[in-house]
Structures are given as C-alpha cells and as structure tokens.
S.K.: 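The structure that follows is given in the form of structure tokens.
Throughout, a chain's letter reflects where its sequence line sits, starting with A, and its residues are numbered from 1.
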2 protein chains.
Amino acid sequence: MKFFAPPVERLIEEFAKLPGIGQKTAQRLAFHILSQPKEEAEGFAQAIVDAKHTIFTCKVCQNLTDQEICPICSNLARDRTQICVVTDPKDVVAFERTREYNGLYHVLHGVISPLAHVGPDDIRIRELLLRVGDENEDVREVIIATNPDTEGEATAMYISRLLRPFGIRVTRLAYGIPVGGHLEYIDEVTLTRAFEGRREI
Amino acid sequence: MKFFAPPVERLIEEFAKLPGIGQKTAQRLAFHILSQPKEEAEGFAQAIVDAKHTIFTCKVCQNLTDQEICPICSNLARDRTQICVVTDPKDVVAFERTREYNGLYHVLHGVISPLAHVGPDDIRIRELLLRVGDENEDVREVIIATNPDTEGEATAMYISRLLRPFGIRVTRLAYGIPVGGHLEYIDEVTLTRAFEGRREI
C-alpha cells in the first residue's frame with residue numbers, strides 16, 4: 001500500500017537507491033526537499049545534472065575532472081616519474097590531504113572482483129599499462145595503493161605481474177599499526193604484518 | 001583547499017545540506033551519482049523537480065498531496081467526525097500504517113517553538129479552527145497527536161484551549177510504556193504516566 005502521492009513515492013525511491021540510505025532516511029530526505037523553497041530544491045537537482053554533464057575522466061590518470069587533462073596531470077611541478085595507483089577518486093583526495101606525495105595518480109575505478117563480475121578489463125588497467133609503456137613518459141615507480149582487503153590485494157598482485165616486463169620499480173603501501181591506534185584493538189593480521197615489517201630505530 | 005572540480009564540490013555541498021548527511025557521506029553520495037549512468041542521475045534530478053512542482057498541501061487537511069483535495073479527505077468511507085492533529089506528513093503515514101484509525105487528519109507542519117521563532121501563526125492552526133467551525137462539517141472529536149516532548153505538549157495545550165469554545169471532544173494520545181518495551185529501560189516520566197493511566201484488566 002502506498003501512503004504518499006506518486007511523485008513523493010518516486011522521490012523517496014530515488015533517495016533509497018543511494019548507498020547507505022535506507023527507507024526511513026530516504027523518507028526523511030524527501031520530506032526535507034519538499035519543505036524547502038523551490039529554488040533550493042531546483043538548485044540541488046541542477047547540481048546533479050551539471051555534475052553529470054561536466055565531469056568526465058581525465059584522459060591520462062582517469063580521475064574525475066571537468067577538464068580534458070586534470071589539474072594534477074597538467075601540473076608541471078609534479079614528479080612525473082611516480083604513479084600512485086588507487087581504487088577510486090576519493091583515494092586521490094586522501095593522498096592529496098597528506099601534502100606529502102608529489103607524483104601522479106592512476107585511478108582504476110574499481111578492483112578485480114570475480115564475485116561482483118568485475119574482471120581486469122572492467123577497470124582501467126589497460127590505460128595504466130599504456131602510460132607506463134609510453135616512450136614520451138619517464139615512469140620509474142608505480143606505487144600500488146589499492147585497499148588492504150582481499151580484492152585490493154588480488155588487484156595489486158595482478159597489476160604488479162603485468163608491470164614486471166617494464167623493469168620499473170613496483171611498490172605497495174606499508175602495512176602496520178595505524179598512527180594513534182591502540183594495540184589491544186588491532187586485529188591479529190595487522191599486528192603480524194606490523195611485526196614482520198619492524199624497523200631499527 | 002578544494003580537491004575536486006567545482007561541479008563535484010557543488011554536488012557534495014548540496015548533499016551535505018540534507019539533514020543527517022555529513023561531509024563524508026555527502027562525498028560518498030556525490031561519487032555514487034557520478035558513477036551512475038547519465039539517465040539514472042537525471043532521473044533522480046527529475047524526481048526532485050517533479051516532486052516540488054506537483055506536490056502541494058491539501059486545501060482541507062494541509063497534508064502533502066498531488067491533488068487539490070487529498071485522497072484521505074476526499075474518501076467518503078472515512079469518518080468525518082474525527083480529526084487527528086499531527087505535526088507532519090510522516091505522522092499521517094504512521095497512523096495509516098496502524099490501519100485502525102478511519103477519521104480525518106490535520107497536518108500542522110510544525111509545532112510552536114519560541115526558541116526556533118515558530119509562533120502559532122507559523123503553523124496551520126488557523127486552518128484547523130476553520131475546519132472545526134465550519135457548519136457544513138460535523139467535527140465531534142479532535143485527537144491531538146503532537147509528539148510527547150515539550151514543544152509538542154505546549155502546542156497541544158495551546159490548541160486545546162482554542163478548541164474549548166467549540167464544545168467538542170478534545171483528546172490527547174495516551175502516555176504509557178511502549179508495547180514490547182522493557183520496564184528497566186523506560187524513563188521515570190513515562191513510567192509515572194503509565195502508572196497514573198493504569199486501567200482495570
């Protein structure tokens with residue numbers, strides 16, 4: 001049984017399609033939109049349309065951008081010998097926030113996941129190989145920064161195998177205890193990795 | 001420092017304006033939109049615009065509807081002698097879900113709240129008085145179902161005073177322990193009210 005007028009039901013359904021938004025939250029958000037001035041709601045709708053129309057992936061690094069080549073790839077001050085390979089655009093932001101990394105990126109837009117029917121050809125691996133193999137570029141290191149979960153690991157392994165023939169340095173982020181973490185709350189696998197990776201002080 | 005292209009930043013900001021959506025969630029939702037096919041995203045935008053354009057408040061009960069008079073008010077099978085006064089459209093749904101109430105509703109669209117600068121004229125109290133006073137109608141009972149918090153209580157008291165001259169029955173929902181609740185987790189005020197309102201079995 002439908003309790004709301006059809007346009008309201010449809011708006012609730014649209015909100016409920018978003019990740020992490022359940023039926024109750026979708027209802028709350030839809031009513032929030034309905035309680036707003038018309039211009040506000042239309043501004044929101046316009047932002048969605050605009051973002052979809054003006055944002056595409058950078059020809060080089062595949063990150064989302066509103067330019068043909070994204071600001072990072074076209075920034076001549078960045079170190080063009082390093083490429084950090086990440087799962088998605090949010091990860092680029094995470095690295096940029098550190099203000100420590102000055103190389104380039106490559107966004108895969110996913111990881112290999114047989115369960116979700118995502119194969120190597122469904123993510124931007126081919127584009128990475130083309131960049132590394134490009135004679136006009138001087139890539140010397142690829143840092144694979146996929147997530148430390150099963151799929152991220154498998155994807156990292158797969159990519160590292162493909163990169164071997166190029167004879168460049170291929171690295172993976174270090175595993176260990178997070179800064180500020182409490183040992184008692186850290187899982188055994190992480191602790192084992194932190195132990196294995198211990199260094200002289 | 002902005003890490004995303006301006007249209008993406010704007011979309012994130014728009015999501016972050018929604019109630020209960022923080023910066024991180026807004027970012028996640030915006031990227032979800034960007035990863036969807038264009039038609040999906042445009043469908044979402046259209047649902048927002050459509051809902052704002054086609055939904056207004058029912059002339060009678062003030063509930064949100066896409067018709068001049070909402071399906072509940074125009075349903076001749078409903079008991080027109082009872083009006084249940086609620087804070088907002090979601091509360092109508094809560095009552096409809098019980099399938100027990102067969103009277104009409106009146107949606108206030110808020111409660112009196114001096115702290116939030118909401119006075120009696122800012123909510124739909126006047127419209128309620130007009131309905132109760134209408135000689136063509138035969139309202140015999142007004143059930144005030146505002147929330148059991150300070151503002152809901154104050155609003156209920158205020159409305160009940162205004163309704164007194166009409167000589168009709170004015171009731172308030174019963175207070176008590178929620179069905180399935182555990183006594184040990186119930187606050188003292190509720191328990192006191194439940195005790196006061198006890199009935200013979």
S.K.: Taking only residues two or more places apart in sequence or in another chain, which ones pass side chain to side chain contact (heavy atoms under 4.5 Å, CB included) with B/Gln82?
M.R.: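 Listed in chain order: B/Asp79, B/Tyr101, B/Glu141, B/Ile143.
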S.K.: Atom CG in A/Asn75, atom CZ in A/Arg80: separation rounded to 0.5 Å?
M.R.: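 One gets 8.5 Å once the value is rounded to the nearest 0.5 Å.
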S.K.: Enter the distance from A/Gln23:CD to A/Phe15:CZ here, rounded to the nearest 0.5 Å.
M.R.: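 One gets 12.5 Å once the value is rounded to the nearest 0.5 Å.
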S.K.: Side chain, backbone, both or neither: which part of A/Pro6 has an atom under 4.5 Å from a heavy atom of chain B?
M.R.: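 Backbone plus side chain of A/Pro6, per the 4.5 Å heavy-atom cut-off to chain B.
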S.K.: Taking heavy atoms only and a threshold strictly under 4.5 Å, list by residue number the residues of residues 102-140 of chain B that touch chain A; give 'none' if the list is empty.
M.R.: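 No residue falls under the 4.5 Å cut-off.
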S.K.: Under 6.0 Å between ring centres: does that hold for B/Phe31 and B/Phe4?
M.R.: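 Distance test on ring centres: under 6.0 Å, yes.
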S.K.: Which one of A/Gln46, A/Glu40, A/His53, A/Gln67 has the most heavy-atom pairs closer than 4.5 Å to chain B?
M.R.: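 Greatest number of close heavy-atom pairs with chain B: A/His53.
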S.K.: State the CD1-CD1 distance between A/Ile83 and A/Ile144, to the nearest 0.5 angstrom.
M.R.: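 Reported value, rounded in 0.5 Å steps: 11.0 Å.
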S.K.: Given a strict heavy-atom distance threshold of 4.5 Å, which part of B/Leu11 is in contact with chain A: side chain, backbone, both, or neither?
M.R.: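 Its backbone and side chain both get close to chain A.
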S.K.: Identify which part of A/Ile55 has an atom lying under 4.5 Å from any heavy atom of chain B, answering side chain, backbone, both or neither.
M.R.: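 Just its side chain gets close to chain B.
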S.K.: Kindly compute the distance separating CZ (A/Arg161) from CE (A/Met157), expressed to the nearest 0.5 Å.
M.R.: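 Between atom CZ of A/Arg161 and atom CE of A/Met157 there are 9.5 Å.
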S.K.: Measure A/Leu34 against the heavy atoms of chain B and call it side chain, backbone, both or neither at under 4.5 Å.
M.R.: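 Contact with chain B is through both the backbone and side chain of A/Leu34.
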S.K.: Say you draw a straight line from CG of B/Leu29 to CZ of B/Phe44; how long is it, rounded to the nearest 0.5 Å?
M.R.: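 Reported value, rounded in 0.5 Å steps: 8.0 Å.
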S.K.: Just how far is it from atom CG of A/Leu18 to atom CD1 of B/Ile33, taken to the nearest 0.5 Å?
M.R.: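 With rounding to 0.5 Å, CG (A/Leu18) is 5.5 Å from CD1 (B/Ile33).
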S.K.: Hey, which of B/Asp50, B/Leu64, B/Val93 has the most heavy atom pairs under 4.5 Å with chain A?
M.R.: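 It is B/Val93.
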S.K.: Who wins among B/Gln27, B/Lys17, B/Arg97 for the most heavy-atom pairs under 4.5 Å with chain A?
M.R.: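 Counting heavy-atom pairs under 4.5 Å, the top option is B/Arg97.
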S.K.: Look at B/Pro19, B/Ala41, B/Ala5 and state which one has the largest set of heavy-atom pairs under 4.5 Å with chain A.
M.R.: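 If we count pairs closer than 4.5 Å to chain A, B/Pro19 comes out on top.
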S.K.: Can you find a heavy atom in the side chain of B/Thr146 that is under 4.5 Å from one in the side chain of B/Arg172?
M.R.: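 Yes, side chains in contact.
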S.K.: Contact between B/Pro71 and B/Thr65 at the side-chain level, heavy atoms closer than 4.5 Å - yes or no?
M.R.: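 When only atoms from C-beta onward are counted, B/Thr65 and B/Pro71 do touch, with a gap below 4.5 Å.
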S.K.: Give, as side chain, backbone, both or neither, the part of A/Ile21 having an atom under 4.5 angstrom from any heavy atom of chain B.
M.R.: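 Only the side chain of A/Ile21 comes within 4.5 Å of chain B.
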